[in-house]
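Okay, so here's the structure we're looking at.
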Amino acid sequence: MDRRQWLKSTSLGGSFALLGGLGITNALTLEEINKFNPRPLSKRIRLSSNENPYGPSEKVRKAIIAAFDHSCRYPYAYADELATILAQKEGVTKDHIIICGGSTEGLKITGLTFASNGGEIIAGKPTFLAMMTYAKQWGAEVNWVPVGDDKGYDMAEIEKRISSKTKLVFLCNPNNPTSTVLPSKKLIDFCDAISNKTILFSDEAYYDYIEDPDYPSMVELVKQEKDVIVSRTFSKVYGMAGLRIGYLIAKPALAEKLRRNMVAYSNVPAIAAAKEALNDKEFYNFSLQKTREAKDMIYKTLDTFKLPYVKSHTNFIFFKSGKDIRTLHKEMLEKGVLIGRPFPPFFDWCRISTGTIEEVTLFTQALASLYE
């Protein structure tokens, strides 16, 4: 039975007995199956990297195919067109935008540009490591600030540690792997204070998943010409992680310094895909809705087995497994489910990504078999 047949049978025949017992009945409708054309299930369910397995959308795929005719060309002019579109989206001018090979390239180049040769980066722990790991190879030092009991950033301690040698403060907001956000009422003042002392980098890869419509982006501080750099990506809600395209937003003086050190850039099909993705509101909303449904399924399962978790503002959930994550990783892999890696010092916590509805269904079954 292929994935489409499996989905049809679950949509028409009801959910698994286990999931029904947990009050979980979410499944793709026949309309969604026909419209979004989900790919076949893999033998190993990959819920380890916070990917959006529904993407790229059909419209984006067609844009990629059409872009093959232009793949003999260098991407610079095409990237310039995308930068203009993104500038309009973010409310800035084009010289504020840097197109990069996924936001990861932007993070790495920022660390290299501003903190190499002994410069200090202040970062929460745990968090997304791309900037710090790369910058350390170029002589940067990292000042780690442990997250609090709520798994959120210790804002007071971060600000307290800023010194003359601090070149960057890195915030991943929402944070990976804890899925927390900084308090919205304090965020602007906190980041403004940091930017008056050093450069603030705000990684907003998961910003689209925040459900508070008034939650601020640090692009607002960029517009005020503050020393703030914001990163965004097409890897998450747009489902384009494998295409490697993202962008930075910074005031022109900072953007120019970063632009000189860019290495990978992106490519013509990815740029075409990004342009189309921005217009595909139907897929964007579909992705957000399916993420909400998948998180609800996971929450209900964790509640059933009394496994504590952090309320998520992302497309993954961080929960207390009650056992060493390395043991749980092996046990789940034996059941065909790949979960997140260890995030020291939380070795008894697990990060699980929201896959498709049927993938999350299989995850809940596998987890239940270990905890029931």
Side-chain angles (χ1 to χ4, degrees), residues 95-148 152-178 182 187-205 217-219 221-233 246-265 343-345:
D95 53 355
H96 287 76
I97 303 292
I98 305 168
I99 308 297
C100 41
S103 60
T104 295
E105 183 190 19
L107 270 70
K108 289 181 175 181
I109 292 303
T110 301
L112 169 64
T113 301
F114 297 108
S116 57
N117 300 318
E120 179 187 78
I121 303 173
I122 297 177
K125 187 176 185 178
T127 194
F128 188 54
L129 297 174
M131 174 187 287
M132 282 66 69
T133 301
Y134 190 75
K136 284 172 67 176
Q137 297 179 52
W138 296 87
E141 298 178 3
V142 182
N143 188 340
W144 297 108
V145 180
V147 298
Y153 283 125
D154 186 337
M155 299 166 71
E157 185 63 23
I158 288 173
E159 190 170 0
K160 177 182 175 182
R161 293 198 189 184
I162 297 174
S163 68
S164 59
K165 69 176 183 178
T166 304
K167 304 303 180 183
L168 287 166
V169 171
F170 174 75
L171 299 179
C172 184
N173 190 43
N175 189 34
N176 178 13
T178 62
L182 288 160
L187 182 59
I188 290 288
D189 289 343
F190 173 62
C191 292
D192 188 26
I194 289 175
S195 69
N196 289 328
K197 300 175 182 178
T198 188
I199 297 172
L200 168 72
F201 191 103
S202 180
D203 180 352
E204 297 183 0
S217 164
M218 291 307 95
V219 175
L221 292 181
V222 174
K223 294 176 184 178
Q224 298 174 31
E225 294 293 296
K226 297 288 186 177
D227 283 340
V228 174
I229 303 168
V230 177
S231 65
R232 293 289 184 87
T233 184
Y247 60 103
L248 302 179
I249 311 141
K251 68 181 185 181
L254 291 180
E256 183 56 33
K257 291 180 180 180
L258 292 166
R259 205 172 277 116
R260 288 199 295 264
N261 287 334
M262 298 304 290
V263 177
Y265 298 98
F343 292 96

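The figures here come from the full heavy-atom set of this structure, side chains too, leaving out hydrogens, waters and symmetry mates. Quick note: residue numbers are just sequence positions, from 1. No experiment lies behind these values; they were computed from the predicted model shown.
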Which atom pair, heavy atoms only, marks the closest approach of Pro126 to Asn175?
O-ND2, 3.1 Å
All heavy atoms of Ser103 vs all of Arg232, minimum pair found to be CB-O, 3.6 Å
Side-chain touch Asn173/Leu187, heavy atoms, less than 4.5 angstrom:
yes
Between Gly111 and Met131, the two heavy atoms sitting closest are CA-CG, 4.0 Å
Looking at residues at least two apart in the chain, or sitting in another chain, which of them share a salt bridge (Lys or Arg N to Asp or Glu O under 4.0 Å) with Glu225?
none
Any idea which heavy atoms bring Ala115 and Leu168 closest together, and the distance?
CB-CD1, 4.3 Å
Heavy-atom side-chain contact between Ile97 and Ile249 under 4.5 Å
yes
Rounded to the nearest 0.5 angstrom, the OG1-CG distance for Thr110 and Leu258 is 4.5 Å
Locate the shortest heavy-atom distance separating Phe170 from Phe128; write the atom from each residue and the value.
CE2-O, 3.6 Å
Can you find a pair of side-chain heavy atoms, one from Tyr153 and one from Thr178, that are under 4.5 Å apart?
no
Who pairs with Trp138 by side chain to side chain contact (heavy atoms under 4.5 Å, CB included), at least two apart in sequence or on another chain?
Leu112, Ser116, Tyr134
Looking only at heavy atoms, which two atoms of Val222 and His96 are closest? And how far apart?
CG1-CD2, 3.8 Å
Taking the side chain as C-beta and beyond, is there a heavy-atom pair between Val142 and Lys125 under 4.5 Å?
no
Rounded to the nearest 0.5 Å, how far apart are OG of Ser231 and CD1 of Ile109?
13.5 Å
Report yes if some heavy atom in the side chain of Met132 is under 4.5 Å from a heavy atom in the side chain of Leu107; otherwise report no.
no
Do the side chains of Phe114 and Ile121 get nearer than 4.5 Å, heavy atoms only?
no
Could you check whether atom NZ of Lys223 has more than 12 heavy atoms from other residues, nucleotides or ligands sitting under 6.0 Å from it?
yes
Are the charged groups of Arg259 and Glu256 less than 4.0 angstrom apart, N to O?
yes
How many angstroms lie between CD1 in Ile98 and NZ in Lys257, if you round to the nearest 0.5 Å?
12.0 Å
After noting the C-alpha distance and the side-chain angles of Lys226 and Asn196, does the key distance pass the side-chain contact (heavy atoms from CB on, under 4.5 Å) rule?
CA-CA 8 Å; Lys226 297 288 186 177; Asn196 289 328; 3.5 Å; yes
Nearest 0.5 angstrom please: Asp203 CG to Leu248 CG, how far?
9.5 Å
If only atom types and distance count, is the side chain of Asn261 paired as donor or acceptor with the main-chain N or O of Thr113 below 3.5 Å?
no
Rounded to the nearest 0.5 Å, the OH atom of Tyr247 sits from the OG1 atom of Thr233 at a distance of 9.5 Å
Tell me whether Asp227 is salt-bridged to Lys197, with the criterion being a basic N under 4.0 Å from an acidic carboxylate O.
no
For Met218, is there any backbone N or O sitting under 3.5 Å from a side-chain donor or acceptor partner on Glu204?
yes
Check this for me, if you would: do Arg161 and Glu120 make a salt bridge, where the nitrogen-to-carboxylate-oxygen distance has to be below 4.0 angstrom?
no
Indicate yes or no for a side-chain donor-acceptor contact from Thr198 to the backbone of Thr166 under 3.5 Å, with no hydrogens or angles considered.
yes
Residue pair Cys191 / Leu171, side-chain heavy-atom distance below 4.5 Å
yes
